[in-house]
Amino acid sequence: MVLGKAEQMEAEQRAYPAALRRTVLVANQKGGVGKSSITSAVAGMVARAADSSAGISERRVLIVDADPQGNATFSDLGVQGDKGRSFMTTLQYGEPLEVVRDVRPGLDLIAGGPMLAQVGGLTATAANSGIDVVANLMNGLAAVCAELNPFLVLIDSGPGDAPLLDALLRIARFLIVPTRDDDASLSGVELLALRYLRARQASPIELLGVVLFDVNPRATARNAQVIADLDALLDGSGATAFPTMIRSDRAAALDLRAAHLLPGELVEATRNAGKERLARLRRNGRHRVASGPDDLDVRLWSRDPAPLANDYQDLAKELLRRIAAAEQNGSPV
Ligand SMILES: Nc1ncnc2c1ncn2[C@@H]1O[C@H](COP(=O)(O)OP(=O)(O)O)[C@@H](O)[C@H]1O
Ligand SMILES: [Mg+2]
């Protein structure tokens with residue numbers, strides 16, 4: 001049977017796998033805007049909520065690291081992984097995706113890394129070689145989701161890797177866009193908005209909002225202005241900026257990556273480091289100076305990472321609220 005263009009598009013939409021209904025792509029072609037940090041931190045917050053509160057049933061979270069830099073895999077989670085090999089094999093040959101289970105309680109990972117840098121070359125020849133990157137990824141991820149049944153899937157993406165980004169925009173159900181408040185990052189939002197509108201013609205993807213990253217929470221007038229600008233930029237997309245912003249905290253940012261901790265874990269680590277310092281002072285007498293916690297292999301620079309961790313927690317809640325609202329509004333899936 002030969003389908004007309006409109007029918008074809010309809011068939012594609014109908015074929016969208018229900019297993020992918022909770023996939024959220026975190027994207028902005030601009031680098032350094034918090035994509036990986038937000039992916040890892042929000043995933044950790046949602047999985048952690050499941051772990052600590054008995055009331056919530058299983059809330060497993062899956063992180064898909066679709067970035068050749070692999071910051072979420074290597075730096076944030078401290079996982080070696082397979083450098084993106086399995087991911088790449090899935091894109092190329094439609095082989096099953098490998099999952100690294102339980103990188104944290106309730107948290108699974110599809111590892112990223114330098115092998116993913118080959119995607120550009122792959123898609124350049126895909127039309128001739130008959131490789132369908134979108135179908136391969138969609139089927140591979142749907143199979144993983146059908147098996148693990150995650151409550152939430154967060155997909156981290158790299159800067160500027162246009163072919164992979166376009167594939168991700170075709171398979172993800174939702175999109176969030178992090179940005180800093182400088183002009184270059186904001187124009188990254190604008191570029192992505194255009195890509196998003198194009199992807200929407202063939203995919204059910206829905207923009208949930210923009211997240212301001214690395215902001216001074218005390219600059220309230222400035223932040224309100226940026227939010228207003230963003231909302232104007234998003235006008236017509238149906239989305240608005242998230243009211244929760246991720247505050248600047250360079251000391252915490254250093255610690256998170258050097259020690260491969262998620263924000264909630266850093267809060268605990270600094271608390272424990274404080275307790276250990278006290279205990280050592282008591283043991284050694286008041287006049288001796290403690291030399292820092294020697295059972296941590298990295299020195300922690302942050303004093304109080306709790307406000308940053310709270311930002312991520314608020315963002316996680318807001319994200320789940322927006323997903324729930326979109327699902328209620330008669331989603332196309
Ligand atoms: N709260 C924060 N304040 C300031 N800098 C941060 C904060 N969180 C992370 N960073 C730093 O910002 C940089 C970019 O973050 P990253 O999440 O890697 O962005 P992207 O994935 O978009 O490239 C990293 O060097 C990271 O350590
Ligand atoms: Mg990144």
Side-chain angles (χ1 to χ4, degrees), residues 9 12-13 16 20-39 42 64 66-67 69 119-120 123 133-134 137-138 152-215 222-246 315 318-323 325-327 329-333:
M9 240 140 75
E12 274 180 42
Q13 292 223 354
Y16 187 77
L20 297 180
R21 69 190 176 281
R22 283 286 178 89
T23 47
V24 181
L25 172 62
V26 184
N28 184 335
Q29 279 145 286
K30 180 87 175 50
V33 295
K35 295 182 293 292
S36 303
S37 301
I38 288 171
T39 301
V42 168
V64 181
D67 182 0
Q69 286 180 354
V119 178
T123 47
V133 174
V134 172
L137 184 56
M138 192 179 262
L152 183 68
V153 182
L154 285 170
I155 308 175
D156 187 19
S157 58
D161 49 347
L164 183 52
L165 183 60
D166 279 334
L168 294 169
L169 284 164
R170 291 283 302 280
I171 66 144
R173 172 69 182 88
F174 298 110
L175 170 67
I176 59 175
V177 183
T179 181
R180 291 182 192 254
D181 67 358
D182 61 287
D183 286 347
S185 306
L186 292 171
S187 66
V189 177
E190 208 164 1
L191 278 177
L192 194 77
L194 292 173
R195 262 204 145 79
Y196 157 75
L197 289 174
R198 207 173 56 215
R200 252 184 96 77
Q201 297 175 353
S203 138
I205 193 161
E206 206 170 315
L207 176 61
L208 288 179
V210 173
V211 187
L212 263 179
F213 174 78
D214 187 12
V215 295
R222 161 79 180 147
N223 293 340
Q225 178 65 53
V226 176
I227 293 271
D229 289 351
L230 278 171
D231 286 343
L233 193 74
L234 297 175
D235 192 31
S237 72
T240 55
F242 281 93
T244 301
M245 303 170 218
I246 305 302
L315 178 63
E318 184 73 19
L319 174 65
L320 295 183
R321 264 199 298 272
R322 288 193 178 191
I323 290 176
E327 286 174 349
N329 281 345
S331 70
V333 181

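For the pair V64 and T23, the minimum side-chain heavy-atom distance is 4.5 Å or more. By the 4.5 Å heavy-atom criterion applied to side chains, L175 and L192 are counted as neighbours. In this structure the side chain of L233 never reaches within 4.5 angstrom of the side chain of L186, judged on heavy atoms. L168 has its side chain within reach of L137: a pair of non-hydrogen atoms, C-beta onward, lies under 4.5 Å apart. With contacts defined as side-chain heavy-atom distances shorter than 4.5 Å, the pair L207/R200 does not qualify.
With respect to E327 and R21, no salt bridge is recorded, no charged nitrogen being found less than 4.0 Å from a carboxylate O.
A donor-acceptor pair is defined here as one N or O able to donate and one able to accept, closer than 3.5 Å; such a pair exists between the side chain of K35 and the backbone of K30. Judged purely by atom type and a 3.5 angstrom limit, R173 uses its side chain to pair as donor or acceptor with the backbone of P204. Proximity of a side-chain donor or acceptor of Y16 to a complementary backbone N or O of I171 within less than 3.5 Å is detected. Panel note: side chain D231, backbone A241; a donor-acceptor pair is recorded below 3.5 Å. Without hydrogens or angle criteria, S187 side chain to A184 main chain gives a donor-acceptor distance under 3.5 Å. Within the 3.5 Å criterion, the main-chain N or O of V215 finds no donor-acceptor partner in the side chain of R222. S157 places a side-chain N or O within donor-acceptor distance of the main-chain N or O of V26, the cut-off being under 3.5 Å. S203 places a side-chain N or O within donor-acceptor distance of the main-chain N or O of L169, the cut-off being under 3.5 Å. At distances below 3.5 Å, at least one donor-acceptor pair connects side-chain atoms of S237 with backbone N or O atoms of L234.
Between L315 and T244, the shortest heavy-atom distance links the atoms N-CG2, 3.7 Å. For L208 against A326, the heavy-atom pair with the smallest separation is CD2-CB, 4.4 Å. Residues P163 and G120 come closest through the heavy atom pair CG-CA, 4.0 Å. In plain terms, the two heavy atoms of S185 and T179 that are nearest each other are CB-OG1, 3.2 Å. Minimum heavy-atom separation, I38 to P178: CD1-CB, 3.6 Å.
How far OG of S36 is from CG of L154: 11.5 Å, rounded to the nearest 0.5 Å. Taking CD of Q69 as the start and CG of D156 as the end, the distance is 9.5 Å to the nearest 0.5 Å. Atom CD in E190 sits 12.0 Å away from atom CD in Q29 (nearest 0.5 Å). The distance from atom CZ of F242 to atom CD1 of I227, rounded to the nearest 0.5 Å, is 10.5 Å. Remark: D229 CG to D181 CG distance equals 10.0 Å, nearest 0.5 Å. Taken to the nearest 0.5 Å, the CG atom of D67 stands 11.0 Å off from the CG atom of L165.
Cation-pi geometry between R322 and F174 is not satisfied (NZ or CZ under 6.0 Å from the ring centre, within 45° of the ring normal).
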